[in-house]
Amino acid sequence: MSIVKLNNKAVSNATAIGSITSLGSMTFIKKLTASSSATLSFVDGSDGVVLDDTYKEYYFTLNNVHPQNTDQNFGINFSTDGGSNYNVVKTGTFFRAYHGEGDSPATLEYGTGGGLAQGTGLQLIANGVRNDNDSGVSGYLHLFNPSSTTFVKHFISVTNCHQDNVQSINSFVAGYGNTTSAINGVLFQMPSGNIDSGDICLYGIA
C-alpha cells in the first residue's frame, strides 16, 4: 500500500494528497428483501449471486430484519451442494452485551446455548428479537474464503436487536464451518415463523 504524503505541513492547508493504491474495494452483488419469507438464501450462480473464488471475502449486511413472531432467534447456515442442504458442521462462540430501557439489566455475558460444537443446525447470530412494529435486528456477517478446498471457512457476525424483554442486545459471534468443501450457499432463518420484513445485502471484497 502506498504511503499518503501531504504536500503541506498542516492538513488544513494541504493542496494535494499522494496516490493510494491497492486498498481493495467492496462490490455490491445482491439484495434480498423479506416479505413473510421463511428463509433468505444466497446461492452461487442463482439470480446473479456470486459466492465463488471471484472474491476471497464476502460481506452481508442485515437491515431491520423483522420477525413475524415475537421472541425469535435469528441464525445462519451454510451449504456445499448449491442450496440442496444447509447442514455444514460448524463450531462457533457467542457472547453479548445488553442494557434494558429501564437501566437494568446491564451486563456482558457468554451466551450459553448460543454457540455450536460441531453442530449442523443454525448458528445463532441474534436472540429474542421482538416483533413490535419498531423492532428488528441489524448487523453484519463476514465470511472468509468460502470457495477454498483447503481450509475451514471462518465467519464473524455482529448484530444489535430490540430484544423481547425491552433491551438492546449487541451480539458477537465467530466460528468456522468445519469443511474443506467449497461453501456455495448461505441461509438466514428464524427457527419459528417467517421473516416478516427487512433486507440482506451481499458484497464481495477484493
Side-chain angles (χ1 to χ4, degrees), residues 23-35 37 39-44 46-67 72-79 83 86 88 90-99 108-111 114-116 121-130 134-148 151-163 167-177 183-191 195-206:
L23 294 183
S25 60
M26 189 163 72
T27 302
F28 173 77
I29 297 172
K30 184 75 175 182
K31 176 181 178 179
L32 296 180
T33 301
S35 179
S37 306
T39 63
L40 291 178
S41 57
F42 295 82
V43 178
D44 181 50
S46 174
D47 297 324
V49 172
V50 175
L51 271 175
D52 56 19
D53 60 1
T54 301
Y55 303 99
K56 292 294 185 182
E57 303 173 38
Y58 288 88
Y59 189 82
F60 300 82
T61 60
L62 289 64
N63 184 18
N64 290 324
V65 177
H66 178 75
Q72 282 303 296
N73 294 332
F74 190 55
I76 57 170
N77 214 331
F78 306 118
S79 175
Y86 287 94
V88 169
K90 297 169 294 300
T91 291
T93 185
F94 179 103
F95 74 95
R96 61 195 174 193
Y98 56 89
H99 194 189
L108 175 69
E109 66 177 15
Y110 181 77
L116 291 175
L122 288 176
Q123 170 60 60
L124 187 69
I125 61 172
N127 72 302
V129 186
R130 292 173 67 94
D134 60 351
S135 296
V137 57
S138 296
Y140 68 81
L141 168 70
H142 201 163
L143 177 62
F144 298 88
N145 203 11
S147 66
S148 172
F151 299 105
V152 299
K153 312 306 186 296
H154 297 278
F155 59 88
I156 298 171
S157 174
V158 178
T159 63
N160 194 82
C161 76
H162 185 209
Q163 210 245 15
Q167 303 174 65
S168 171
I169 295 200
N170 194 191
S171 299
F172 302 84
V173 176
Y176 55 86
I183 284 177
N184 52 25
V186 178
L187 174 85
F188 295 84
Q189 184 178 19
M190 291 174 177
I195 304 170
D196 190 54
S197 61
D199 63 69
I200 301 177
C201 293
L202 168 63
Y203 299 83
I205 301 178

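By convention here, the first residue in the shown sequence is residue 1.
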Undergrad: List the atom of Phe95, the atom of Tyr110, and the distance in Å for their closest heavy-atom pair.
TA: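 Looks like CB-CA, 4.0 Å.
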Undergrad: Classify the angle between the aromatic ring planes of Tyr58 and Tyr55 as parallel (below 30°), tilted (30 to 60°) or perpendicular (above 60°).
TA: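 Rings of Tyr58 and Tyr55: perpendicular, as their planes differ by over 60°.
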Undergrad: Would you call Asn127 and Gln163 a side-chain contact if the rule is heavy atoms closer than 4.5 Å?
TA: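 Yes; the side chains approach each other to less than 4.5 Å.
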Undergrad: What class does the angle between the rings of His142 and Tyr59 fall in, given that below 30° is parallel, 30 to 60° is tilted and above 60° is perpendicular?
TA: perpendicular
Undergrad: So, the side chain of Ser135 versus the backbone of His162: is there a donor-acceptor pair under 3.5 Å, distance only?
TA: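 Answer holds: no.
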Undergrad: Could you check if a side-chain atom of Met190 sits within less than 4.5 angstrom of a side-chain atom of Leu122, using non-hydrogen atoms only?
TA: no
Undergrad: What distance do Cys161 atom SG and Arg130 atom CZ have between them, rounded to the nearest 0.5 Å?
TA: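 Cys161 atom SG to Arg130 atom CZ measures 10.5 Å (nearest 0.5 Å).
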Undergrad: Rounded to the nearest 0.5 Å, what separates atom CG in Asn184 from atom CZ in Phe78?
TA: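 Output value for this atom pair is 12.0 Å.
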Undergrad: Is a side-chain N or O of Lys90 found less than 3.5 angstrom from the main chain of Gly121, in a donor-acceptor match?
TA: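 The answer is yes, because a donor-acceptor pair under 3.5 Å joins these two groups.
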Undergrad: Give, for atom NZ of Lys31 and atom CG of Asn63, the distance between the pair rounded to the nearest 0.5 Å.
TA: 7.5 Å
Undergrad: Report the distance from atom CD of Glu57 to atom CG of Asn145, rounding to the nearest 0.5 Å.
TA: 8.5 Å
Undergrad: Go through it in stages, so that I can follow the logic: the residues are Val129 and Val65, the test is side-chain contact (heavy atoms from CB on, under 4.5 Å), and I'd like the CA-CA distance, side-chain angles, deciding distance and then a yes or no.
TA: CA-CA 9 Å; Val129 186; Val65 177; over 6 Å; no
Undergrad: Give me the ring orientation class for Phe188 and Phe74: parallel if the planes are under 30° apart, tilted from 30 to 60°, perpendicular past 60°.
TA: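 Taking Phe74 first and then Phe188, their aromatic rings lie parallel (interplane angle under 30°).
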Undergrad: Are Ser168 and Asn160 close enough, and set up right, to give a side chain to side chain donor-acceptor pair (under 3.5 Å), and what steps lead you there?
TA: CA-CA 7 Å; Ser168 171; Asn160 194 82; 3.1 Å; yes
Undergrad: Can you tell me if Phe151 has over 12 outside heavy atoms packed within less than 6.0 Å of its CZ?
TA: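 Open: at most 12 neighbouring heavy atoms sit under 6.0 Å from CZ of Phe151.
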Undergrad: Does the pair Val173 and Leu124 meet the rule for a side-chain contact (heavy atoms from CB on, under 4.5 Å), with working shown?
TA: CA-CA 8 Å; Val173 176; Leu124 187 69; 6.0 Å; no
Undergrad: About how many Å separate CD1 of Ile76 and CG of Leu141, when rounded to the nearest 0.5 Å?
TA: 4.5 Å
Undergrad: Between the side chain of Lys30 and the main-chain N/O of Asp47, is any donor-acceptor distance below 3.5 Å?
TA: yes
Undergrad: Hey, does Phe155 have a side-chain heavy atom less than 4.5 Å from the side chain of Gln123?
TA: yes
Undergrad: Kindly say whether Asn64 contributes a backbone atom to a donor-acceptor pair with the side chain of Ser138 at under 3.5 angstrom?
TA: yes
Undergrad: Using atom types as modelled and distance alone, determine if a side-chain donor or acceptor of Ser37 lies under 3.5 Å from a backbone N or O of Leu40.
TA: no
